[in-house]
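Every chain is numbered from 1, with letters handed out A, B, ... down the list of sequences.
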Amino acid sequence: MKLGVVTFPGTCDDVDARLAVAKVAEPIALWHGDPDLHGVDGVVIPGGFSYGDYLRVGAIARFSPVMESVIAFAREGGPVLGICNGFQILCEAGLLPGALLPNKDLRFVCRQVDLEVQSTATPFTSTCEVGDRLSIPAKHRSGCYTGDVPSEQVVLRYAEGHNFNGSQDDIAGVANAQGNVMGLMPHPEHAVDLLTGGSADGLRLFEGMARVAVA
Amino acid sequence: MSRSPDASTTAPPGVEQAVALGLTRDEYALVVEELDGREPNEVELAMFSLLWSEHCAYKHSKKLLRTLPTEGPAVVMGPGENAGAVDVGDGWAVAFKVESHNHPSAVEPFQGAATGVGGILRDIFALGARPIAVLDSLRFGEPDSERSRYLLDRAVAGIGHYGNSIGVPTVGGEVVFEGPYETNCLVNAMALGLARTEDMIRSAATGVGNVLLLFGASTGRDGIGGASVLASAELDAEDESKRPSVQVGDPFEESKLLECSLELLSRGLLVALQDLGAAGLTSAASEMAAKGEVGLVLDVTKVPLREADMAPFEIMVSESQERMLCVCEPDKVAEVLALCEKWEVNGTAIGEVTEGNRFRILRGDEVVGDMPITGLVDDAPLYDLAPMKPTEPLYPVPAATLGFEADVREALVALLSSPNLASRRPLFEQYDSIVQSRTVRRPEEADAAVLYLYDMGEGAPSIATSIDGNGRRVAADPYWGTVGNVLECAANLACVGAQPLGTTNNLNFGNPEKPHIAWQLTEAVRGLGDACRALEAPIVGGNVSLYNEGADGPIYPTPVVGMVGLLPDATRAGGLGFAREGDAIALVGWDGDPSLDASELSKLRGEALPDGLPAIDVGQVVGVLDAVRDAVRDGELSSVHDIAEGGFLVAVAESCLAGGRGAALDLGDAQDVWTTLFGERSGGFVVSGPRETLERLGERVPLDVFGTVGGDRLEIAVSSLGESWSLDELRTASAALGPLFP
Amino acid sequence: MRARVLIRPKAGILDPQGVAVERALPALGFGGVGNVHVGRLVELDVEDESQLDDMCRKLLANPLIEDYEIQTVTAS
Amino acid sequence: MRARVLIRPKAGILDPQGVAVERALPALGFGGVGNVHVGRLVELDVEDESQLDDMCRKLLANPLIEDYEIQTVTAS
Ligand SMILES: Nc1ncnc2c1ncn2[C@@H]1O[C@H](COP(=O)(O)OP(=O)(O)O)[C@@H](O)[C@H]1O
Ligand SMILES: [Mg+2]
């Protein structure tokens, strides 16, 4: 079981994502300039500031050679998880509906938030029950979700009082219609170990990803 | 062998120009001597004036810095390199340093603060260490001033912008508001990095014939004149003339530069590496050559420019950000350039290491500068200070915001909501404190940040870090105030169970040519040295920022102290919040009464600074720190919090808020209720835990059990007084900084 | 030629920057200001001007949330 | 009237966004592009157009690092 983690220039949370993946599978580092996915069973697009967030979040990274392969992989049903900047990139790439706007207060915020699971029809949330609450840190400046998204594709919402970015309908994470591609603004890879994460709730998303990827 | 630069270069600008650039007439005469009687041309004058500025040459501080303790068993690299480094075991080292960006931040706070972070990060990875944390230390005028609020907001945004974008967590820091910083804010940033000791690299250029390569951003007119004019002259009201061109930070470029530098080093391609900071190429290249005792030849036409029409002197002094200089063997150049390409950074060979002691600057075939390297780097005159204790108070009395008639109830609420004590959450939430997955204690969870060094493999240790610098207490007593700052920093480490390994510092002072500032500086450095010796936490690096004076006089003397310590087991790292109902609460460490002198309460009451502070029994405090650290490491305490600004009751309230638990205290009879509750003194802690373990700790150090954790109120009884607050009320008070970040 | 692309939030899309500016202006003593929107300005030299529209749709703007307008500054 | 303010990095000031876009475009198949700069666009209704310059200097632009240009879109 191999899960790839993509690094773009400016990616920050790739190391973190590989540490998290290592708890459920073999992490494989993927490089933005290399279209070869090295036979991975799933792809994580991690957080950070690819291309400095310049022009528009995710806009430039979306055109990297690796993304062509990721798009093809996703269209064939391979599991793809976009976290924070990864979510923004998947939206820009058209793999997920909608877009991420600047937070309503125009500030970067780093805060532990509670999420509520809305759907278990994705590999990632297949380990959860609808209504489960996950405590996961969020940290971003452009996480205000907007888009035409059918409610069954909304996978995670911020619990009441936890939506600091102004996202439409408290949306924290969405999936594509097939459920194999998911993006979320909070960082599950920063909640896989009690020592540094404050919670290990994020691990469940990676466990779900590994479970389905192997099937 | 000194060949004059070609005649075609412009005539010598002369002594008046030199004075305008910040040199004295005597210094100019010395420069002429360095050039064997020839007057410097434009390039040479620009380079000498920068390298001989206070900022680069430490003309007024070097002699004092030599008195600091710099050696110890853990020291891997001491002062003199881009950063200091300490051994954390198993062949690994942590590099760290604090640096100021005060004047650029006063001019353009967002970019000034951002590039301050960028600059200190480059110092860390110039050693081959991967940056793992940033801390910031900020000083502004009172937040009722619109200008102070603006500076705060933009500086914080700038630090966050740079640190967040580059993926280095900002794990701690401090912000203090005091009138004397109103027209001269302080923005100091500290960074830490982790490296295998054997992979660390120095900045000495060696190997005649080796190639000098510049990589990273292209060179523009950023900050020309910045180092000498901006950093060494007092800011007056009219900042306009000192805005040559603001340096703009590009954290994206730096993140590529960082990865590229570390990969170059891990592949063993470099002989030496150096960041470009103040005075740009001039300083970076001459220092590399001086350390390696070699000469250099550098061709300015090879330097990639952002603006085509730059003069050679502009190229040599530009402070464009995100650039590094390295030396490699000629047969490695192709490989170095290929790696630069991989990371999408520009790399260009611009010169060569030569025999001898000359720094020769070429424009193509033409020699446009030719100077002795040692003259540039080592021969700036050093000045003696003429310290004199002032006979009159230097600082205005702060405006009272709390009347003497206020009772204890009101006083605690006023203190918790005062700008210097209120929760920093609205500020630090703008920083990514968790990227890199090593943050074991986030801001407000403990007195020091704790970082797990998982890179070191199975059984890896953690480090703790903290930064402190109470300027008001140093203003009251430069010696004891500074000793207190150092002890406070070490106390923060003890709270999480860490033993100090080394210290860095940033000396932010006014004009050292004035006798009373010279006195502050001399006394502060003496206190810094004595305290670090007592703690066995040697100084491994630092920075000096002088001439911090505005229209209303000097800043409070502000020696900012940063410390790094080691803790073997992160799962036992202490936290400051009360954690268990029914735990006993104790005051640990004080063998005498605290004092209201220069305390936060006395500030709120609008009291003048006292002339001198009570002496500290440093040996006694060090013993307390040892005992508290041991107790934390044994996992015996549920919470630990050192008593700092605001005194005992504020510390208890903070432990209540952090743990979301109330407390009931009975302090018995107090000689003076105000002093007992709000007095300040080094070496005191509020701890909680099972009564028996507290009593065991009490066998080593003074300890009084005063109360119990529980409920949702803070209740105290002292002398005949009984008082209580709901946690909600305290929380609301403590949230007072929120409106500063709308 | 030198071209200029004006990119602005689509009608109905949240524009927190516009809101922030609109709020800040009266506090600075500037009254009578309304309907403020903040977008992006991209200026560039292009050889083949027919590519511009494609560039905008693909990279410079996100058509889901942004409108764009192409202006010629100087022909060449 | 409706006014438009074009805000761009001052000549000589580093423009990291412009550099990033310029580097990205050729990879997307858009050749022959140069001198790219990215700035901000502010559009607003103002009653008193004489205030615009002041507004720009005080709030909309940062005169230390940005130039601005005021355009009238529609008079009123
Ligand atoms: N207050 C201080 N205490 C100890 N060392 C200092 C202090 N100030 C500067 N230094 C040391 O002097 C050297 C030069 O500092 P600096 O000019 O800031 O270096 P850089 O240009 O690399 O930032 C460094 O090694 C630094 O650690
Ligand atoms: Mg350096």
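- Highest contact tally toward chain A, considering only B:Thr571, B:Val168, B:Leu451, B:Asp250, is held by B:Asp250 [criterion: heavy-atom pairs under 4.5 Å].
- Most heavy-atom pairs under 4.5 Å with chain A: of the set B:Glu429, B:Gln430, B:Arg442, this distinction falls to B:Glu429.
- Proximity to chain B at a heavy-atom threshold of 4.5 Å picks out A:Arg107, A:Phe108, A:Val109, A:Cys110, A:Arg111, A:Gln112 from residues 106-120 of chain A, in numerical order.
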Subject >> Trace of the side chain to side chain contact (heavy atoms under 4.5 Å, CB included) decision for B:Tyr454 with A:Val15 >> reply: CA-CA 12 Å; B:Tyr454 55 77; A:Val15 177; 3.8 Å; yes
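- Considering B:Ser255, B:Ser165, B:Pro251 as possible partners of A:Phe49, the one that fulfils the side-chain contact (heavy atoms from CB on, under 4.5 Å) test is B:Ser165.
- The closest side-chain heavy-atom distance from B:Thr439 to A:Thr196 is not below 4.5 Å.
- Looking only at heavy-atom pairs under 4.5 Å with chain A, the residue among B:Gly167, B:Ala157, B:Ser437 that has the most is B:Ser437.
- The contact between A:Tyr51 and chain B is made by backbone and side chain atoms together, counting heavy-atom distances below 4.5 Å.
- Contact check for B:Asn164 versus A:Arg141: no side-chain heavy atoms found under the 4.5 Å cut-off.
- Taking CD1 of B:Ile434 as the reference point, atom CG of A:Asp16 lies at 8.0 Å (rounded to 0.5 Å).
- Taking the six-membered ring where tryptophan is involved, the planes of B:Trp343 and A:Trp31 are perpendicular, since the angle between them exceeds 60° and thus also 30°.
- With a 6.0 Å radius and a threshold of 12 heavy atoms from other residues, nucleotides or ligands, B:Glu341 has its CD atom at or below the threshold.
- The choice from B:Glu259, B:Gln436, B:Arg425 that makes the most heavy-atom pairs within less than 4.5 Å of chain A is B:Gln436.
- Closest heavy-atom contact between B:Val435 and A:Lys139: CB-NZ, 3.9 Å.
- Per-residue heavy-atom pair counts under 4.5 Å with chain B were compared for A:Leu19, A:Asp14, A:Asp105, and the maximum is reached by A:Leu19.
- Expressed to the nearest 0.5 Å, how far CG of A:Leu195 lies from CZ of B:Arg438 amounts to 12.0 Å.
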